[in-house]
Amino acid sequence: MRFLFKTDYEDDIKLFPHSGYVVSYGILLALLLIAPYVLSSYLMSQLVFVCIYATVGVGLLILTGFTGQASLGHAAFLAIGAYTAAYLQQYNVPFPVYFLAAGALTGLIGAMVGFPALRLTGIYLVIATISFALIVEEILARWESVTNGNEGMRVKTLSLLGVAVPRDSPTFYFLCLAVLVLTIVGTLNLLRSPTGRAFVAIRDSETAARSMGVNVALYKVKSFAISAAITGFAGVLFAHKLSFISPEMFTLQLSIEFIIVILIGGTFSLHGAVLGAIFIVMIDPFLTYLKDDLPGIIAGIAATFGAGPATAGNIQSKVAAFASLNGLKGAIYGIIIVLFVLFEPLGLYGRWLKIKLFFQLFPLYKRATFKRQKIYVKSERNR
């Protein structure tokens, strides 16, 4: 077990608390850098989506996890970033310019959404962000002179410094990985700054934050803007990866997927955004496995235990029909949300912390270590 003795303020805000972090993250980064040369193209495509979803997850964590503001409208911010890139490409704007422009525009719109949301909390704020997402989806479908409406828009191959970067190339993967790493490092530094500490103070108690001189309204708008800007950057990469975008791709279900990313990974952890992104990206391959492979496996097991060919075929067809149900993906999402809310509110990263602490303190570990204490001052009991 490692004990850290902090002797000054600088020790408390180090990016890496000790050398073990440098070694472990260095090994992880090295593995990610050699991944394109040892993994198949399909797995590399999945890793690209993990990077994009994790980037959105980090942006959503700033708003939801660290500022305490709920949002079900981040698919709209992703769409704004994607359409900004596709539109500016038509005028031969270089990638660095429209990449930054997409983030700036999305951040500005996020700030505009943050202003009317200042007087809303809880379920009312969720409803407001859902309304924003529906408005954006309708604008994308109706503003045909810019977005081509429901016909969608083709996104050209990314060109970086005059060199084409195909969406399936290792270079595009490295670009997505670099954006994710820079986003995580930037967010870590943000959270160590006065702005980040103000975000956390607002999340814990708006009343206490105001009493310490925090301008709650200003920092809420900042949180919306920063979160939206990061999502806009991810939207540019998302558009290039898919090479075609249309309004029906940015629905409420996509916003729910982003919420599941941070819920599964951990609402208060940047590591959790990556873990949640891996989990959510693997849902579609899992559904494909259920539909294509699992029915045959179950039929084979039934035949092993004495079922006749007709019975085994009937079992296989029923399992295949169940795995092909239209609402199965939504049902899986619902079950995942319920299970994590009930049994592991801290997400996968929270479970990892518990396992690590168990071995650090064994045999003195107490099960109530992570139990949240519900202690409020009188002024907040009815909040």
Side-chain angles (χ1 to χ4, degrees), residues 45 48-49 52-53 55-56 59-60 63 71-117 126-160 164-168 172 175-176 179 224-225 227-259 284 326 329-330:
S45 179
V48 167
F49 279 113
I52 295 172
Y53 273 59
T55 302
V56 178
L60 188 54
L63 180 65
S71 172
L72 269 177
H74 267 55
F77 295 131
L78 191 78
I80 294 170
Y83 272 92
T84 300
Y87 181 76
L88 293 180
Q89 264 196 330
Q90 299 175 349
Y91 299 96
N92 297 319
V93 176
F95 170 76
V97 176
Y98 67 72
F99 181 76
L100 295 176
L105 177 61
T106 312
L108 177 62
I109 294 175
M112 294 171 61
V113 173
F115 277 108
V126 172
I127 293 173
T129 55
I130 291 175
S131 302
F132 166 71
L134 295 177
I135 290 171
V136 170
E137 186 178 350
E138 192 66 19
I139 290 175
L140 295 178
R142 302 298 178 185
W143 199 3
E144 297 183 358
S145 61
V146 174
T147 66
N148 286 342
N150 289 317
E151 294 183 3
M153 297 182 70
R154 287 284 177 187
V155 182
K156 301 177 185 177
T157 301
L158 189 152
S159 179
L160 189 60
V165 181
R167 59 176 183 166
D168 296 324
F172 185 76
L175 175 63
C176 295
V179 170
F224 263 100
S227 178
I230 292 174
T231 307
F233 292 140
V236 176
L237 302 176
F238 188 73
H240 279 295
K241 179 58 182 174
L242 296 180
S243 74
F244 176 82
I245 54 176
S246 61
E248 60 267 17
M249 296 168 62
F250 304 95
T251 60
L252 180 61
Q253 180 174 327
L254 185 59
S255 294
I256 294 175
E257 289 183 5
F258 295 148
I259 289 292
D284 285 330
N326 291 330
K329 187 175 183 178

Side chains of [X] and [Y]: closer than 4.5 Å at any heavy-atom pair?
{"X": "V236", "Y": "T84", "answer": "no"}
{"X": "P247", "Y": "T147", "answer": "no"}
{"X": "I245", "Y": "F250", "answer": "yes"}
{"X": "L254", "Y": "M249", "answer": "no"}
{"X": "S45", "Y": "R167", "answer": "no"}
{"X": "L175", "Y": "V165", "answer": "no"}

Nearest 0.5 Å please: distance from the [atom1] atom of [X] over to the [atom2] atom of [Y].
{"X": "K156", "Y": "Q90", "atom1": "NZ", "atom2": "CD", "value": "7.0 Å"}
{"X": "L158", "Y": "F95", "atom1": "CG", "atom2": "CZ", "value": "5.0 Å"}
{"X": "I130", "Y": "I256", "atom1": "CD1", "atom2": "CD1", "value": "7.5 Å"}
{"X": "I52", "Y": "T231", "atom1": "CD1", "atom2": "OG1", "value": "12.5 Å"}
{"X": "T157", "Y": "H240", "atom1": "OG1", "atom2": "NE2", "value": "9.0 Å"}

Report task. For F49, enumerate each residue passing the ring-ring contact (aromatic ring centres under 6.0 Å, His included) test, keeping only those at least two apart in sequence or located in another chain. Result ->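 Testing F49 for ring-ring contact (aromatic ring centres under 6.0 Å, His included), a comparison that skips the adjacent residues, returns none.
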Query raised in the report: What residues form a ring-ring contact (aromatic ring centres under 6.0 Å, His included) with F233, not counting sequence neighbours?
Result: F99
Query raised in the report: Could you go step by step and tell me if T251 and Q253 meet the side chain to side chain donor-acceptor pair (under 3.5 Å) rule?
Result: CA-CA 5 Å; T251 60; Q253 180 174 327; 5.4 Å; no
Query raised in the report: Counting only heavy atoms not in E151, do more than 12 sit closer than 6.0 Å to its CD atom?
Result: no
Query raised in the report: Near F244 CZ, under 6.0 Å, is it more than 12 heavy atoms from other residues, nucleotides or ligands?
Result: yes
Requested in this report: For residues F172 and L237, report the shortest heavy-atom separation together with the two atoms involved.
Outcome: CZ-O, 3.6 Å
Query raised in the report: Nearest heavy-atom pair of S227 and G59: which atoms, and what distance?
Result: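 Heavy atoms of S227 and G59 come nearest at OG-O, 2.6 Å.
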Please list, one pair per line, the donor and acceptor atoms closer than 3.5 Å that link side chains of residues 100-108 to other protein atoms, with sequence neighbours excluded.
unit_1	atom_1	unit_2	atom_2	d
T106	OG1	A102	O	2.6

**Report entry** Check: S243 side chain, V155 main-chain N or O, donor-acceptor pair, under 3.5 Å
**Finding:**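 Absent.
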